[in-house]
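What follows is a short report on a single structure.
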Amino acid sequence: MKKYLKNILAATMILSMTTALAACGGSEATDDKEDANADGAENTGKQTLILATSADFPPYEFYEGGEVVGIDAEVAKAIADKLGYELKIEDMIFDSIIPSIVSGKADIGMAGMTVTEDRLESVDFTDSYATGIQSIIVKEDSEITSVDDLLAEGANHKVGVQTTTTGDAYTTDDIEKAGKGTVERYNKGTDAVEALKAGKVDCVVIDNEPAKSFVEANEGLKILDTEYTTENYAIALAKDSELTEPINKALNELIEDGTVKGIVDKYIKAE
Ligand code: GLN
């Protein structure tokens, strides 16, 4: 799909955009960091690195025993450890992550977040650390059998998505604006899945790994064999952030020494 090419293009632009920023000063989240230190449980004397995420996206981020865990949480912790920061995780709806980075309330955003040209207009991204796939969840007896059924002339399906995700962007363009159906937007992926179960939408377009978790947790749902598109996940930072260069370097070291793969393998079992 042409969007896929766009994403690849966007990903290749990231480094050239970020390396130039390394010399720029100014810690945009200083005040919030002080606040974070003030109400943090322990005071280690370290500076705080605030991660904005949306912990409804297993296995990248989800709750376990009242704590946010998952691939992104662990990769962020490994980066914070490497750079000598105390990691503080702020959970919010996906739609709020980029605004919280732009306003300086959070230092980094990780939420299985895809690099897109639109997002590159307001934030920078590190190199990619994982690949995502947009998948389609349907009820087991659905008459929708492939992505082509959604995009066919005369198609008229109700598609559920998580608001402002790439699944929202693709289906808004390819289905809603093309007059081939409607898009219902939900704050959380789980809300979109509930709407599917209740028959309010005909399918849900969402990233493949959370899709697998949602299908496992809910009887009567399945993932279609055909994928909507493939994309790259990366860490978002404020434009001109002085953290971009050290975080990108730390991330690449953690990729090269196998730490990231170890974390991914812990949460995603080979099929
Ligand atoms: N990868 C998708 C995006 O970046 C969805 C991410 C999410 O829902 N956490 O838009």
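Counting starts at 1 for both ligands and their atoms, in listed order. Here the structure is a predicted model, which means the values were calculated and not measured.
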Check: With no hydrogens and no angle check, do the side chains of Tyr85 and Asp107 hold a donor and an acceptor under 3.5 Å apart?
Finding: no
Note to self: I'd like to know if the side chain of Thr226 and the backbone of Ser146 have a donor-acceptor N/O pair within less than 3.5 Å.
What the structure shows: no
Margin query: Against ligand 1, does Arg119 come closer than 4.0 Å with any heavy atom?
Written below: yes
Next item on the list: Report, in ascending order of atom number, the atoms of ligand 1 lying under 4.0 Å from any heavy atom of Met113.
Entry: 4 (O)
Notebook entry, point to check: Do Tyr60 and Asp207 have side-chain atoms, one donor and one acceptor, less than 3.5 Å apart?
Noted result: no
Margin query: Minimum distance, heavy atoms only, to atom 6 (C) of ligand 1: which one of Ala130, Gly112, Gly189, Ala234 is it?
Written below: Gly112
Check: Can you tell me if Thr259 and Asp257 form a side-chain donor-acceptor pair at under 3.5 Å?
Finding: yes
Next item on the list: Record the part of Thr165 in heavy-atom contact with ligand 1 below 4.0 Å; permitted values are side chain, backbone, both and neither.
Entry: both
Margin query: Taking the side chain as everything from C-beta on, heavy atoms only, tell me whether Thr165 gets closer than 4.5 Å to Ile206.
Written below: no
Next item on the list: Considering only non-hydrogen protein atoms, determine which one is nearest to atom 9 (N) of ligand 1 and report residue, atom name and distance to 0.1 Å.
Entry: Ala111 O, 2.7 Å
Next item on the list: Give the residue, atom name and distance (to 0.1 Å) of the protein heavy atom nearest atom 8 (O) of ligand 1.
Entry: Gln162 OE1, 2.7 Å
Next item on the list: Consider only side-chain N and O atoms of Thr172 and Asp168, and report whether a donor and an acceptor are under 3.5 Å apart.
Entry: yes
Note to self: Could you check whether any side-chain N or O of Lys180 sits under 3.5 Å from a backbone N or O of Leu151, counting only pairs where one atom can act as donor and the other as acceptor?
What the structure shows: yes
Next item on the list: Tell me which protein heavy atom sits closest to atom 7 (C) of ligand 1, plus the residue, atom name and distance to 0.1 Å.
Entry: Phe57 CE1, 3.2 Å
Check: Tell me: protein heavy atom nearest atom 5 (C) of ligand 1, and distance?
Finding: Asp207 OD1, 3.2 Å
Notebook entry, point to check: Would Gly132 count as a contact of ligand 1 if the rule is a heavy atom under 4.0 Å away?
Noted result: no
Item checked: Proximity flag Tyr233 to ligand 1, non-hydrogen atoms under 4.0 Å -> yes
